[in-house]
> 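Before anything else, here's the structure in question.
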Amino acid sequence: MALEMQSTEQGNERFIKGEWLHTIFQNEAEQFAIAKIRVIETNEDINEKDIVVKGYIAGLQPGETYMFFGRLITHAKFGMQYQVERYQTFIPDTEEGLAEYLASDLFFGVGLKTAQKIIRHLGMNAIEKILQNEDVLKEVPGLGEDTARGLARTLRENQGFERVVIYLSKHDIGLKLAQKIYKQYREEAVELLDKDPYRFVYDIEGFGFQTADNIARQNGLAADHPNRIGAGCMFVLQKSSSEGHVYLPLDECTERILELLQTPDLTSEKIIEQLRRLNAEKTVIIQEERCYLPSLYYAEDRFCSHMERIMREELEFSLPDAELLQMIGDIEETEVLSYGKEQFNAIEKALHSKVMILTGGPGTGKTTVVKGILKAYAAAHELELDPEYYETKEEYPFILCAPTGRAAKRLQESTGLPATTIHRLLGWDGHSGFGKDQDEPLSGKLLIIDEFSMVDIWLAHNLFRAIPKDMQVLLVGDEDQLPSVGPGQVLTDLLQSEMIPAVTLDEVYRQKEGSKIIQLAHEIKHDTLTPQSLANAKDFSFIPCREGDVVSVVTQVFQRAVAKGMDTRDLQVLAPIYRSQAGINIINKTLQELINPPAEKKREVKFMEVIFRIGDKVLQLVNQPEDGVYNGDIGEIVAIFRANENTEKKEQIVVAFDDKEVVYERPDYGNLMHAYCISIHKSQGSEFPNVILPVAFSYTRMLKKNLLYTAITRSKQTLIICGESEAFMRGIRTIDTNSRYTSLKEKLLIRFGKEESSAVVAAEGELIATVELEDGTEMEILDEDPSLSPYDFM
Ligand SMILES: Nc1ncnc2c1ncn2[C@@H]1O[C@H](COP(=O)(O)OP(=O)(O)OP(=O)(O)O)[C@@H](O)[C@H]1O
């Protein structure tokens with residue numbers, strides 16, 4: 001695309017030509033900026049001298065003139081602003097203007113005289129000529145080599161991005177995605193997009209198949225072009241991984257691709273042929289008629305190899321039975337309880353196992369046993385359990401962690417020992433990866449991971465590769481809860497493989513204390529719950545109502561509890577879906593109006609459709625390791641600052657979490673949502689003293705046994721279910737049949753020599769397959785580190 005000199009004749013497109021005065025706000029990572037500009041010329045209906053512009057326009061220079069294309073918007077508080085959809089550096093169309101532009105601060109070492117000389121030699125389209133071939137600058141006498149190179153580079157940098165933005169905007173791709181594309185391909189982006197838009201589906205997170213397809217179609221690429229089929233395959237596999245699958249059977253994968261491509265003459269055979277080509281290129285991995293994304297294939301594979309590495313290491317520990325009995329007896333005495341048979345068995349087995357799984361429903365004593373194992377391990381190895389003892393000595397030998405911040409906090413509270421999230425333990429920086437791995441392993445003797453059912457295969461692999469072979473590992477979780485959000489079902493597969501020592505706690509102890517909640521959970525688990533089980537009890541009520549009344553009933557229950565003095569932090573509404581007449585969104589809105597209504601001195605800000613107000617209970621939606629807050633953390637808005645009230649000159653929301661305050665600036669407000677009501681999926685790993693659970697037929701698609709089981713087991717003191725009992729009964733009888741395609745169990749069996757398979761199980765750097773190429777030769781495929789993670793696709 002040729003760069004044209006711009007006059008301000010822009011046809012019908014709305015524009016403001018303006019000089020960038022100063023940046024008001026800038027988010028480097030997001031490339032989002034808000035700035036004030038001096039209006040030079042516009043076809044918009046404005047009389048203002050200066051105006052605030054905003055959009056994905058970071059990195060522009062004060063003093064420079066730009067053409068902004070977009071639309072006028074009226075901000076409720078700040079008045080008229082310009083929402084920028086695209087922009088271009090303004091290149092003057094008069095000789096004088098062009099000389100001034102080239103002589104500006106943008107181009108180091110070019111003064112007015114040099115600029116005029118450049119124009120004299122190259123003409124008014126000097127910039128285009130330089131961009132096409134910077135050697136033309138050699139024609140300009142007296143222009144130093146460094147200055148010429150610098151001039152060409154700056155021009156390329158400035159113009160390159162704009163070309164990309166203009167090209168992409170024609171295909172309805174916004175500035176944000178354009179920034180990402182430009183960051184990766186720089187000036188080559190346009191040519192690459194023209195040549196093979198489908199590669200962007202592989203390379204750029206958020207670049208959808210449909211977008212690539214639109215570009216390709218406009219460029220006349222055939223509907224059965226191999227690149228199209230390849231991108232369709234990637235898209236289908238990425239989507240299936242977001243549904244929890246580690247692979248898709250070849251047949252299903254083919255069907256899904258056919259469905260996506262909607263091309264009449266395309267046959268399954270043709271698709272399979274292309275899939276085999278992708279397999280040969282290692283873009284996908286096909287094994288035993290299963291189609292994997294390489295990142296997930298290797299995650300599963302290496303998780304197994306690390307599990308084997310750890311398990312095969314001899315455990316140098318033995319304790320005579322009598323001593324063990326005595327030791328556990330001493331612990332029972334200090335804990336003032338007597339361990340049940342399975343609990344005792346769990347403690348003993350944990351001491352003697354390299355890796356062990358402790359599983360069981362709520363109230364069966366998992367935490368009690370974890371505490372017992374810690375004490376027994378410390379006693380048996382003559383170690384101090386008190387972290388203070390280690391302050392000036394060697395590293396603390398016990399590592400306790402969990403997948404979410406709240407679960408880690410709970411583990412810390414119940415054991416009285418430090419616990420952290422898995423991400424923090426592994427030194428995840430939020431961008432480039434984990435600080436801990438096989439080269440920089442964890443140090444300690446006993447690693448305990450709680451809520452392991454929430455750990456997906458990718459995180460499990462990253463965790464296990466950082467475990468040194470002499471460390472003992474205890475995995476704790478309830479397999480009847482929802483599976484991990486990410487792909488895989490690691491806990492279930494490990495248990496089903498029977499390759500890892502495991503103890504299942506069945507006896508319910510909390511029930512003995514008269515807990516109806518625990519009774520319900522176990523009746524759901526064992527399919528014995530009847531409508532009579534829903535009779536009210538000390539810690540449980542079922543308030544029947546029709547769907548149309550659910551929100552009002554939930555609100556009344558909430559209001560009554562708060563009126564009785566209950567802290568809103570101790571009261572949690574959980575629901576399965578966001579949008580329905582009894583969904584999370586409407587419940588949050590209603591509860592906010594009721595619990596935290598607007599008031600004269602109470603500050604609030606509007607972000608998209610949501611109003612955040614001081615006093616609001618909010619939920620953190622993403623991991624923000626740099627601030628120590630994680631997906632699922634709940635806090636309260638304690639302050640809202642205007643831009644003129646702080647040194648950063650930025651509007652800010654301050655949220656107090658349990659042990660810290662975190663400051664959010666506007667583009668990050670999307671990391672928060674109201675938390676009066678949260679989704680059951682988000683509640684996993686957390687517990688709340690009091691839970692209100694609405695149930696309605698409109699949740700049908702989501703009403704499943706494991707979902708309701710997870711919701712019910714979140715509550716520790718009281719549970720109030722409001723809604724339609726038939727919907728609840730139907731839900732607990734509905735087994736989630738969307739089972740996940742995983743091959744972990746099978747790979748474990750092969751690795752531990754219990755099953756034979758033609759599948760090749762690889763260790764790092766090993767040969768994993770030999771593929772026959774079209775010309776009849778064979779190619780060896782080595783197991784190399786895939787640079788992509790499944791999260792790149794989510
Ligand atoms: N052997 C025991 N004797 C007496 N009480 C016990 C015993 N084991 C556990 N308990 C009690 O039962 C209750 C539940 O135990 P615990 O919290 O350890 O279970 P859990 O499986 O971790 O439950 P949840 O998953 O719901 O947190 C606690 O009050 C605990 O003290």
Side-chain angles (χ1 to χ4, degrees), residues 239-240 242-244 404 406 453-454 480-486 520 524 542-558 571-595 608-610 616-622 631-632 634 670-686 688 690-715 719-740 794:
K239 188 154 180 301
S240 75
S242 69
E243 293 161 14
T404 68
R406 282 180 77 87
S453 61
M454 294 178 72
D480 290 309
Q481 282 194 26
L482 290 168
S484 54
V485 176
L520 287 177
I524 293 176
F542 194 108
I543 306 177
C545 64
R546 283 171 310 147
E547 166 142 23
D549 299 325
V550 163
V551 176
S552 124
V553 171
V554 166
T555 317
Q556 283 175 43
V557 172
F558 204 100
L571 191 56
Q572 190 59 56
V573 185
L574 301 178
I577 56 176
Y578 286 87
R579 276 178 278 270
S580 108
Q581 62 165 317
I584 296 165
N585 292 348
I586 181 76
I587 295 176
N588 264 330
K589 202 158 180 281
T590 316
L591 283 174
Q592 185 201 27
E593 275 163 26
L594 187 85
I595 306 299
M608 318 288 259
E609 291 309 304
V610 181
D616 270 341
K617 182 177 176 183
V618 286
L619 174 76
Q620 172 74 20
L621 294 170
V622 294
N631 188 355
I634 291 180
N671 295 355
L672 297 171
M673 68 168 271
H674 287 137
Y676 300 102
C677 178
I678 67 171
S679 75
I680 298 170
H681 279 91
K682 287 270 176 209
S683 76
Q684 236 189 322
S686 298
F688 309 95
N690 309 288
V691 166
I692 303 173
L693 178 65
V695 202
F697 272 113
S698 68
Y699 300 161
T700 333
R701 206 171 41 83
M702 299 291 286
L703 279 183
K704 305 261 167 72
K705 176 175 163 172
N706 57 357
L707 188 94
L708 290 171
Y709 176 84
T710 302
I712 283 173
T713 54
R714 298 309 89 214
S715 69
L719 169 68
I720 300 173
I721 303 180
C722 318
E724 297 161 310
S725 59
E726 301 82 21
F728 181 80
M729 292 305 295
R730 189 193 287 180
I732 58 159
R733 289 185 195 124
T734 310
I735 309 289
D736 194 351
T737 49
N738 293 330
S739 59
R740 298 181 167 197
M794 289 174 189

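Note: hydrogens, waters and symmetry copies are ignored here, and every other heavy atom, side chains too, is used.
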> When you measure from the side chain of Q581 to the backbone N and O of I586, does any donor-acceptor pair fall under 3.5 Å?
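Not a single qualifying donor-acceptor pair exists.
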> Donor-acceptor pair, S453 side chain versus Q481 backbone, under 3.5 Å?
no
> Could you state the interatomic distance from CD1 (I577) to CG (N585), rounded to the nearest 0.5 Å?
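Result: 10.0 Å between the selected atoms.
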> For V553 and C545, which heavy atoms make the closest approach, and how far apart are they?
CG2-SG, 3.8 Å
> Give every residue pair that meets the salt bridge (charged side-chain N to carboxylate O under 4.0 Å, His left out) criterion with at least one member in residues 542-553, sequence neighbours excluded.
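Salt bridge (charged side-chain N to carboxylate O under 4.0 Å, His left out) check on residues 542-553 returns R546-D549.
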> Tell me the side chain to side chain donor-acceptor pair (under 3.5 Å) pairs involving residues 721-730, sequence neighbours left out?
none
> The test is side-chain contact (heavy atoms from CB on, under 4.5 Å); show your working for I584 and M673 and say whether it passes.
CA-CA 11 Å; I584 296 165; M673 68 168 271; 4.0 Å; yes
> In Å and rounded to the nearest 0.5 Å, what is the CE to OG distance from M702 to S679?
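Those atoms lie 8.0 Å apart.
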> Donor-acceptor pair, N588 side chain versus Y676 backbone, under 3.5 Å?
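Here the side-chain-to-backbone pair exists.
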> What is the distance from atom OG of S715 to atom CG of L693, rounded to the nearest 0.5 Å?
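The OG atom of S715 sits 9.0 Å away from the CG atom of L693.
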> Measure from the side-chain N and O atoms of Q684 to the backbone N and O of L482, and report whether any donor-acceptor pair falls under 3.5 Å.
yes
> What residues, two or more places apart in sequence or in another chain, satisfy salt bridge (Lys or Arg N to Asp or Glu O under 4.0 Å) together with K682?
none
> Given 3.5 Å as the limit, does a donor-acceptor pair link the side chain of Y699 with the main chain of A727, or not?
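Flag not set: sc Y699 to bb A727 has no pair under 3.5 Å.
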